[in-house]
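Computed from a predicted model, the values in this text were never measured in an experiment. Per chain, numbering begins at 1; letters A, B, ... match sequence-line order.
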There are 2 protein chains.
Amino acid sequence: MARPKVEPGLEPNRRRELLRAAARLFVDKGFAATTTRDIAEAVGMRAGSPFYHFRSKQELLKAAMIEGLDSGLVRLLAAVDGVADPEMRLRRLVRTHLGNLLEDDCRSPMLIYESRALEPADRAEVAAAFDRYQAPWQATLDALAAGGRIASAAPPLRLLMFGMLNGCSHWFRPGGTLSVDQIADAAAGLLLGGGANQKSPDS
Amino acid sequence: MARPKVEPGLEPNRRRELLRAAARLFVDKGFAATTTRDIAEAVGMRAGSPFYHFRSKQELLKAAMIEGLDSGLVRLLAAVDGVADPEMRLRRLVRTHLGNLLEDDCRSPMLIYESRALEPADRAEVAAAFDRYQAPWQATLDALAAGGRIASAAPPLRLLMFGMLNGCSHWFRPGGTLSVDQIADAAAGLLLGGGANQKSPDS
DNA sequence: CATAACAAAGCAATCGCTTGGTTAATTGTT
DNA sequence: AACAATTAACCAAGCGATTGCTTTGTTATG
């Protein structure tokens, strides 16, 4: 039943299947509550087979976090590509991030909260990936502050902002009364200082 | 080594010790990653002894959540007692909540995120305790909206707000560059629509 | 002497992970 | 083109450690 490999030296498909399934389970049940057997079953493997692709459960988490964040970053950069106005850039970042968080079936940004399960060395690598993810945000916030659109882009703002956005995954239910677009508008409205639930000017 | 109980029929002290230790460990390491032996060791007991006070590990979590939220609610109500201005009430709520979250050594509001470890019946009881905790918040937000101080007090606002506030426990470090008061001011400033990092008018 | 509050020991289940096959695809050789 | 050798990608089985929890015994107190 061995599957053909596409190219010698390239990653086979099943590794990515494992990463996606692991990310889903880690977000839904938590790292410690997810067994490697759960992950194997989710992709139709036997209990020991994931350890052919990953040396340990922690390595699976680390890979899911880093690769998930980096692919989310690609979507972020594509969303703000060519957009000059910093306010619009922020709205695009917020909307795209909520998409990564709530609509993408990996929901990778949520995995950062499982960093405590990693050892310091791995945690540092993950922190680096998260820094890359945060870079376009801070740049946009700085531009908004320079233009007088917000009062300050000092550290607490970005931290509070990510807490607010990431917290959505704890209560958001697809198909509920709130759409992702509505949440994105409400969050962006708060950040831009116009008071709660301000409509976005382009909708 | 049996300790005297204070009153027959009343709860002995060690039960509360267990609850405090369990809450700390559940917040720091997560419910699934915390063993009942960890909890026992934290209070100087042997591995099986906590099960004299609690029937199961889940019951320990449930009790820690409900009793922690209710004692935090007492502090909330005391902080806004006699305060008429809704803006000031919100500032007091924010500051007190961050105290419950970051300064109290139980940090009980964080435990809500471990609800997924409970069965639906227990989860409903915890949700009721959280509703009690949220009640003074929604009342204050409604008053602010009625006074035109914020644009709307519709559902996403409260949800985004708690996400923003509770998220602090993921990055806040006591003794760091940011004080709890500073964070509270920044968060309240965002909510009140004055833009980021607005100073509170009474400081 | 009865009870509250444990300690001591251990049990059954589950955990992450390893070991040793097995099979189909790929590669090398003639 | 034919055939052996190698390799990728698993499966089957299980090992040792850890888990939540139970059972029984102990001790101080009322």
Quiz item: Out of curiosity, A:His97 NE2 to A:Cys168 SG, how far, rounded to the nearest 0.5 Å?
Solution: 8.0 Å
Exercise. To the nearest 0.5 Å, tell me how far A:Glu59 CD sits from A:Phe54 CZ.
Key: 7.0 Å
Quiz item: Is the ring centre of B:Phe162 less than 6.0 Å from the ring centre of A:Trp171?
Solution: no
Using whole Å, report how far [atom1] of [X] lies from [atom2] of [N].
| X | N | atom1 | atom2 | value |
| --- | --- | --- | --- | --- |
| B:Leu18 | C:dA5 | CG | P | 12 Å |
| B:Phe54 | C:dA5 | CZ | P | 12 Å |
| A:Met45 | D:dA12 | CE | P | 13 Å |
| A:Glu59 | C:dT18 | CD | P | 11 Å |
| A:Arg16 | D:dA9 | CZ | P | 14 Å |
| B:Tyr52 | D:dT24 | OH | P | 17 Å |

Quiz prompt | Test item: side-chain donor near acceptor, A:Asp142 and A:Gln138, under 3.5 Å | solution = yes
Quiz prompt | salt bridge (Lys or Arg N to Asp or Glu O under 4.0 Å) partners of residues 74-84 of chain A, not counting sequence neighbours, each pair once | solution = A:Arg75-A:Asp104
Self-check item: Of all pairs that satisfy salt bridge (Lys or Arg N to Asp or Glu O under 4.0 Å), the ones with a partner from residues 119-129 of chain A, not counting sequence neighbours
Solution: A:Lys62-A:Asp122, A:Lys62-A:Glu125
Practice problem: Please determine if a side-chain N or O atom of B:His53 lies less than 4.0 Å away from the OP1 or OP2 oxygen of C:dC6. | Solution: yes
Quiz prompt | Side-chain N,O (A:Arg14) to OP1/OP2 (D:dA9) below 4.0 Å | solution = no
Practice problem: Quick one: list whatever passes side-chain contact (heavy atoms from CB on, under 4.5 Å) with A:Asp38, sequence neighbours left out. | Solution: A:Leu25, A:Lys29, A:Thr34, A:Thr35
Quiz item: Under the side-chain contact (heavy atoms from CB on, under 4.5 Å) test, which residues partner B:Tyr113, sequence neighbours left out?
Solution: A:His170, B:Met110, B:Asn166
Quiz prompt | Main-chain N/O of A:Arg92 paired with A:Thr96 side-chain donor or acceptor, under 3.5 Å | solution = yes
Atom pairs, N/O to N/O, protein against nucleotides 15-17 of chain C, distance under 3.5 Å?
residue: C:dG16; atom: OP1; partner: A:Thr34; partner atom: O; Å: 3.3
residue: C:dG16; atom: OP1; partner: A:Lys57; partner atom: NZ; Å: 2.9
residue: C:dG16; atom: OP2; partner: A:Thr36; partner atom: N; Å: 2.9
residue: C:dG16; atom: OP2; partner: A:Thr36; partner atom: OG1; Å: 3.2
residue: C:dG16; atom: N7; partner: A:Arg37; partner atom: NH2; Å: 2.9
residue: C:dG16; atom: O6; partner: A:Arg37; partner atom: NH2; Å: 2.7
residue: C:dC17; atom: OP2; partner: A:Lys57; partner atom: N; Å: 2.7

Quiz item: For residues 113-123 of chain A, which residues have at least one heavy atom under 4.0 Å from DNA chain D?
Solution: none
